[in-house]
Amino acid sequence: MTILRMCRRNIEDAALNKEELLENAVELKITGIIRPKEDAQNASISTALGYTAKLTDYIISYTDESAVIKAQEADPGTNVLTGMEFETSDDEKKAEDAKAYLSSLGISEKASFYQMLMYYSANNTETSEASAGQQTMTAGNMTMDESSMAAALDQWLANDPDQELLVKVYDEYIAGSTYEENMDAFGKVSYEAPSAISIYTDSFENKDAIAACIEAYNETADEDARITYTDYVAMLTSSVTTIIDGISYVLIAFVGISLIVSCIMIGIITHISVMERTKEIGILRALGASKRNISQAFNAETFIIGCCAGLLGIGVSILALIPINSLIERFSGITGMTAQLPLTSALLLIALSIVITILGGLLPAKKAAKKDPVIALRTE
């Protein structure tokens, strides 16, 4: 009931001050309405209302000249909202401040606090025993009006009230605020101590240069003087990079499996070739070819196979990029976004193909070099 009554009173006060607020309001002129084009890509509006820096400067100067700001600045040690000191450590002083605070309230606020204190007293045995005289009022407080409850609170304050209860009121309703918190709540803003600064750059190089300057400053500055910054572009690109890296690792895993299978298949094909050409190996050995020459002949074959396979794969990939880029531009709607195969990557892929084929043919070539020429010549 107390909360509902206070909310209702605040609404009534706001309705009474509405005309006064409109009379003292700042008149703003709407110069335009911004909306994204129908065919715009990735267009977003971050705020519903945009205004120039002049309005910000006006609000800051108007707030600095307000009565509550000037009163708080004139007395930094006292809370102008309650009239109490910001820092009080002694319980006796807290009880006096709470007593003075309750005495300065209006009738409705006193009635609300009276109901709250009576409820606390009824549920606190120790407090109830210490303040037995006030218990005579609780029985009829449900039928008392606000004036009677306010008078009862004044009488309770005048009859040496319980200090523990007053300290509790002080801790919950008076303490906790500081000079800085009050100034922030009043809207005090200092140009010399901004809460945040937004820096916009026109290139990634300039962004990285600014971040490097901030990091260099933080390395030499004290901990309380260091700059805390958030690089939103880096956060966005980092998220995208993480997703792309995850997809790349999955593709690399599939490619790695394919390369292992290909290496095994090349070894099997080379082994079959050695078996089919056993008599040819015997003839070469009979003509004076050494084991090394036989091994080199098969290694040369696997090298040529790997080189041709790599060139063929690169050629097919380059031709496949033509329809792929056309589909990307068609479905994404972004011109200039194309897939490319760098020259360095192409050369590395060809070298990888050669290495895999040579590795796959090493064992069969070594086996062919060890064949006995006499047994090889007898093979049909």
Side-chain angles (χ1 to χ4, degrees), residues 40-43 200-215 230-274 292 295-368:
Q41 298 291 334
N42 301 326
Y200 301 91
T201 61
D202 55 357
S203 64
F204 285 97
E205 290 78 10
N206 293 336
K207 178 188 72 65
D208 295 336
I210 292 174
C213 290
I214 295 175
E215 291 294 340
T230 302
D231 192 342
Y232 292 101
V233 176
M235 291 175 59
L236 179 62
T237 54
S238 176
S239 301
V240 175
T241 303
T242 302
I243 296 173
I244 294 176
D245 289 343
I247 297 174
S248 300
Y249 295 149
V250 174
L251 294 177
I252 289 173
F254 282 110
V255 172
I257 295 172
S258 301
L259 291 177
I260 294 174
V261 174
S262 300
C263 185
I264 294 173
M265 292 301 299
I266 291 171
I268 294 173
I269 293 173
T270 307
H271 177 69
I272 295 173
S273 177
V274 170
R292 183 178 181 182
S295 178
Q296 289 177 346
F298 282 96
N299 288 334
E301 289 184 6
T302 55
F303 174 83
I304 295 173
I305 293 173
C307 186
C308 293
L311 291 174
L312 180 62
I314 295 300
V316 173
S317 299
I318 294 175
L319 293 177
L321 286 177
I322 299 175
I324 290 174
N325 289 330
S326 178
L327 293 174
I328 292 174
E329 183 175 352
R330 178 180 178 182
F331 289 106
S332 65
I334 302 175
T335 58
M337 182 177 178
T338 57
Q340 297 179 352
L341 180 61
L343 178 61
T344 304
S345 300
L347 295 177
L348 289 175
L349 290 174
I350 294 174
L352 181 62
S353 176
I354 294 172
V355 170
I356 290 175
T357 53
I358 291 177
L359 290 176
L362 282 177
L363 291 178
K366 188 175 181 181
K367 184 178 181 180

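Just so it is clear, the model here is predicted, and its values are computed rather than measured.
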Rounded to the nearest 0.5 Å, how far does [atom2] of [Y] lie from [atom1] of [X]?
| X | Y | atom1 | atom2 | value |
| --- | --- | --- | --- | --- |
| Ser248 | Asp245 | OG | CG | 6.0 Å |
| Asp231 | Thr201 | CG | OG1 | 8.0 Å |
| Leu312 | Ile350 | CG | CD1 | 10.5 Å |
| Leu236 | Thr241 | CG | OG1 | 9.0 Å |
| Leu348 | Ile314 | CG | CD1 | 9.5 Å |
| Ile264 | Ile356 | CD1 | CD1 | 11.5 Å |

Using a 3.5 Å distance criterion without hydrogens, assess whether the side chain of [X] forms a donor-acceptor pair with backbone atoms of [Y].
| X | Y | result |
| --- | --- | --- |
| Asn299 | Ser295 | yes |
| Ser353 | Leu349 | no |
| Ser258 | Phe254 | yes |
| Ser345 | Leu341 | no |

At their closest point, which heavy atom of [X] faces which heavy atom of [Y], and how far apart are they?
| X | Y | value |
| --- | --- | --- |
| Thr237 | Ala234 | OG1-O, 3.0 Å |
| Met235 | Thr230 | SD-CG2, 3.4 Å |
| Ala320 | Pro323 | O-CD, 3.1 Å |

- Item | Student check: side-chain heavy atoms of Phe303 and Ile354 closer than 4.5 Å | yes
